[in-house]
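Here is the naming used below: chain letters follow the sequence lines, and residue numbers restart at 1 for every chain. Values below: all heavy atoms of this structure, side chains included; hydrogens, waters and symmetry mates excluded.
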Amino acid sequence: MDEPKAGTMPPPPATVLDFDEKNFRPSVVETELYDWWDRAGFFTPPATPSPGEKKFVMMLPLPNVTGDLHMGHALGFGGYEDLMARWHRMRGEATLYLPGTDHAGIIAQIVVERELAKEMDKKGLTREQFLGEMWKWMRHYQPRIYRQLRMLGCSLDWSRVHFTMDPDMQQRVRTHFIRQYKRGHLYRADRIVHWCLTCQTTYSDLELLHIERTDQLSYVRYPWADAMPAGTPDVVIATTRPETIVADTAVAVHPDDERWKRYVGREVLVPMVERRVKIIADEAVDPKFGTGALKVTPGHDQTDFEIGQRHGLPIISAIDKNGSMNSQAGMLAGEHRDAARTKAVAILERKGLLLKQEPITHAVGIHDRCETVEEPLVMRQWFMKMKELAKPAIDAVRNGKIQIVPKYQEKIYFEWMENIRDWAIARQIWWGHSIPVWYCQDCDEIVVPDEGAPDPTVCPKCRGTDLKQDPDVLDTWFSSALWPHTTLGWPEQTPDLRRFYPGTVLETGYDILFFWVARMIMMGLENIEDIPFSTVYLHGLVRVGKTKMGKSKGNVTSPIATIEQDGADALRYALIYGVSAGADSQLSEGKLQNAKEFANKLWNIGRFVLRTLEAKNQSQWPSDRSPENDPALGPAERWILSRTEATAGELTRLIEQYLFGEYVGALQQFVWGEFADTYLELSKQSLRDPVRADAAARTLAYVLDRVLRLAHPVMPFITDTLALQLWRAMPTADRSPSLVIAKWPEPRSRDQALEDRFAALIDVVRTIRNLRQTSGVRPGQKASVALGGDVSAIRELGGAIAHLTQSEVTFGGGAGQATVVRAVEVRLAAEHDVAEHRARIERELLEAKDLLRRSRELLARPGFVEKAPSSVVDNEKAKLAEREERARLLEGELKRVT
RNA sequence: GGGCUGUUGGCUCAGCUGGUUAGAGCGCUGCGUUCACAUCGCAGAGGUCGCUGGUUCGAAUCCAGCACAGCCCACCA
């Protein structure tokens, strides 16, 4: 790891640590610390790559420039991504976590229009004026979202920040469009598209949502156009959109439908407009629905459009872009589509063509942005051919070059990619990337300039000079699909592109797997011929509990408010605590509370250790002597050091396997349960002993140092605050200018036998404490305890037992068992309730006998000893011996008490 | 219509390739504050792991079916 040169690096912020402060107050520290990290260049990978460097590259899933961060962002950015980035950086990898924002097309335009409406009439603005206003607002919003990202603590390289509408990024999008056009992947055609009456634009299939709604299903009779033999059945269709009857150009039946087969080719009259249309046969018709006859309206229905294409039917557009019925609509002309529906029903009824109406619950398409019910319209539009692009992207995942976590999402990816449809890429709005296509007004030629060429002014075909640029802009996702390579300088072969492409991980919510992830894979493979990242980590949605959040707190659903109140560390921690990969999660008040308390615990551990060091003026950490080989260390010290190494190994494994929720859980278990509650308490005794104080203090410092490193990826602020202090107090420690670039602990050797003995000790301690309590021995009141069973293994730990239980311990008991003692015979000398004591022993004896029975049954079970692996059998045998011993001891104790 | 995921103590969830007495946080009960922390410590209660079958010496874990919940996809008018 390149450390910034001394002298060029700004000093860390003046300490805000106040040891009189019992609780950590996050907001005081965080911005100063972040600014320092940023200014010191910790987040920028070393300028010159070292030969054979390992790298970690991750793109921030660019948030919308006009938005505020929500909990989903906080989970992704501050929870998973920054954790990964910081961890890889600490492992010495050249780490690039690249920030940026998305111009957010339609959403941003709506936001700004709303703002503008407060002060002026947008309608009076020209396109250029409006875009000028858009840019003004961009400059207003952008710093706001960047500030929020900094508040989360994300270790982003701000020297490489990008915005999708930056001029150079616009140029890159233009190049991409031109290349794709020349490669034949883009085409313009009259097709049916989703039109939004509110937003006045088209949108893609992905932006179409479905809601369940109940409408009236109208049964309408279409009279025969010609005289038919007596007994010919009436043609009746069922529709929820009777206003579109006027645009019908056929009636379709299923080719195998016995009721209608023989009438295919005959003609009926479309009600209201009296148009003769044919009865056609098409597989798309469901014979079980309604009467089995379908009105075909190619101009206003997706399925019908496709049927129309297959049968060469004419297309009638009777509804215009505002939702009004046009002159094609006959007697419905001029009405809005909703009013037209009512009117159509009335007319049909009057004419005796309406047979009946019944309610039907069905799916209705709506626009995801404004929830307006879609209006399918046939328009001339730009599309991208996707089938060919999807193929290599499918292969990349299938052959494992890209792996998706969690794995089951791969199935969903394949399903979508294998049925991919062409992408409607144009939007009829003003804010976005313009389409580099000009239309010659004289000869209708489509003019697309060459790559790198200026806007065309002359038609290459007719030499006319009246060229008009396509007024539409590109779908927002069109540019974000290019993000992993355009941010690195593509199409130029920049050093950044060579060094940082392909990236490593793409982390985002599973809800944009298709919108973004799949398209990045396709475009990366298309433009660079290489995957954009090798791992896709998909997180779930965060819900914020209703019942438990919010009463005493303000708007706690906002991550920014939460950070301001509880700190980014606590929020980050709470968001990933107890969550498994890809699962939706709930951020509850309880989780947040636990996170705050853990941060506070860390703070107070730090306070205790630092005070200890100050008091002892303990400034020499012998860095050349690894602590586990230090003969001055007592068993408690060697135990916590061994546990520290075990934990380092475990946490490394968990992060490597993307098990972040478990990483946080294991971290808490160690820091709180083992370091604070067990070792710290034991150390208090050692610190009072002049012979052992030095070793204890050094152990505290060493373990704190490890703990801060291990916790840094999830709690960057509090850990670095403490580390800076610790290293100031311990100048010779293995330190670094900041934890951000400090080394992640490599696990060293552990002492498994000692850990086992300590586990037994903890058991003994718990039993004694329990007995003291049930026997009514007051805390602080001395008691004497005799240990029975095979105590040889924990004899050396007697001082620890005495310390932790405030009891005098004598070791009785015996020889024999090779196993670590778990049975304990306890005699409390103080006065206690004999009856209660006996009841307890009886209860324990019952439990012990039950366990003994289970062990015996398991070992006696046919096949077990023969078929189970010998390690399992041995384990069971050892357990049986222990249980026998325990039962025997308890029986003895019971006899003695009685 | 197709598919995916989930169902574990009062609540929110862990439980990796099947093997100690199924864990955690919150909540609950009892006890305890002189010097890191009451955002604290100690101890404890509480679960037939949705149901039914199957595989196995052994199933919360693997398989099948079912029930319920949530989500995604889809041209059911």
Verify whether one side chain among A:Glu207 and A:Ser204 offers a donor that lies under 3.5 Å from an acceptor in the other.
yes
Using a cut-off of 4.0 Å on non-hydrogen atoms, how would the nucleic acid contact of A:Lys407 be classed: base, sugar-phosphate, or nothing?
nothing
Which letter, B, S or -, goes with each nucleotide of nucleotides 72-77 of chain B from 5' to 3', with contact meaning a protein heavy atom under 4.0 Å?
---BBB
Could you tell me how far B:U61 sits from B:U8 if I compare only their C1' atoms? Round to whole Å.
12 Å
Do A:Lys601's NZ or CZ and the ring of A:Phe675 fall within the cation-pi criteria of under 6.0 Å and 45°?
no
Just to be sure I understand the rule, does A:Ala599 reach a base, reach only the sugar-phosphate, or reach nothing, if contact means heavy atoms closer than 4.0 Å?
nothing
Nearest-nucleotide wise, let me know which of A:Lys591 and A:Lys867 is further upstream toward the 5' end of RNA chain B.
A:Lys591
Return the stems involving RNA chain B, sorted by first number, where pairs are Watson-Crick (N1-N3 with N6-O4 or O6-N4) or G-U wobble (N1-O2 and O6-N3), both under 3.5 Å, and runs are 3 or more long.
B:1-7 with B:67-73, B:10-13 with B:23-26, B:28-32 with B:40-44, B:50-54 with B:62-66
A:Trp603 CH2 to B:U39 P: how many Å, rounded?
16 Å
Mind checking A:Glu681 for me? I need base, sugar-phosphate or nothing, with any heavy atom below 4.0 Å counting as a touch.
base
Within this structure, what is the CD-to-P distance between A:Glu589 and B:G10, rounded to whole angstrom?
22 Å
Checking all strands, does A:Gly578 fall into the base, sugar-phosphate, or nothing category for heavy-atom contacts under 4.0 angstrom?
sugar-phosphate
Classify the nucleic acid contact of A:Tyr577 as base, sugar-phosphate or nothing, counting any heavy atom under 4.0 Å across all strands shown.
sugar-phosphate
In whole angstroms, how far is the C1' atom of B:G25 from the CH2 atom of A:Trp672?
9 Å
Are the side chain of A:Lys295 and the backbone N or O of A:Val270 linked by a donor-acceptor pair below 3.5 Å?
no
Tell me what A:Asp304 touches on the nucleic acid: a base, only sugar-phosphate, or nothing, going by heavy atoms under 4.0 Å.
nothing
Can you tell me how far C1' of B:A43 sits from CZ of A:Arg766, to the nearest Å?
9 Å
Is A:Glu662 side chain donor-acceptor paired with the B:A24 base, going by distance under 3.5 Å alone?
no
The residue, A:Lys411 or A:Asn594, whose nearest nucleotide of RNA chain B is more 5′ is A:Lys411
With a 4.0 Å cut-off on heavy atoms, is A:Leu680 in touch with a base, just the backbone sugar-phosphate, or nothing at all?
base
Measure from the side chain of A:Asn600, starting at C-beta and using heavy atoms only, and say which of B:U5, B:G41, B:U39 lies closest.
B:U39
Rounded to whole angstroms, how far apart are CG on A:Leu859 and C1' on B:U20?
13 Å
Among the candidates B:U39, B:U20, B:A36, find the nucleotide nearest to the side-chain atoms of A:Gln593.
B:U39
Of residues 649-658 of chain A, the positions that come close to RNA chain B - non-hydrogen atoms, cut-off under 4.0 Å:
A:Arg653
Please report, rounded to the nearest Å, how far the P atom of B:G32 is from the CZ atom of A:Arg769.
16 Å
Would you say A:Thr214 and A:Thr361 are linked by a side-chain donor-acceptor pair, where the criterion is simply a distance under 3.5 Å?
yes
Report the distance from atom CG of A:Leu541 to atom P of B:G70, rounded to the nearest whole Å.
15 Å
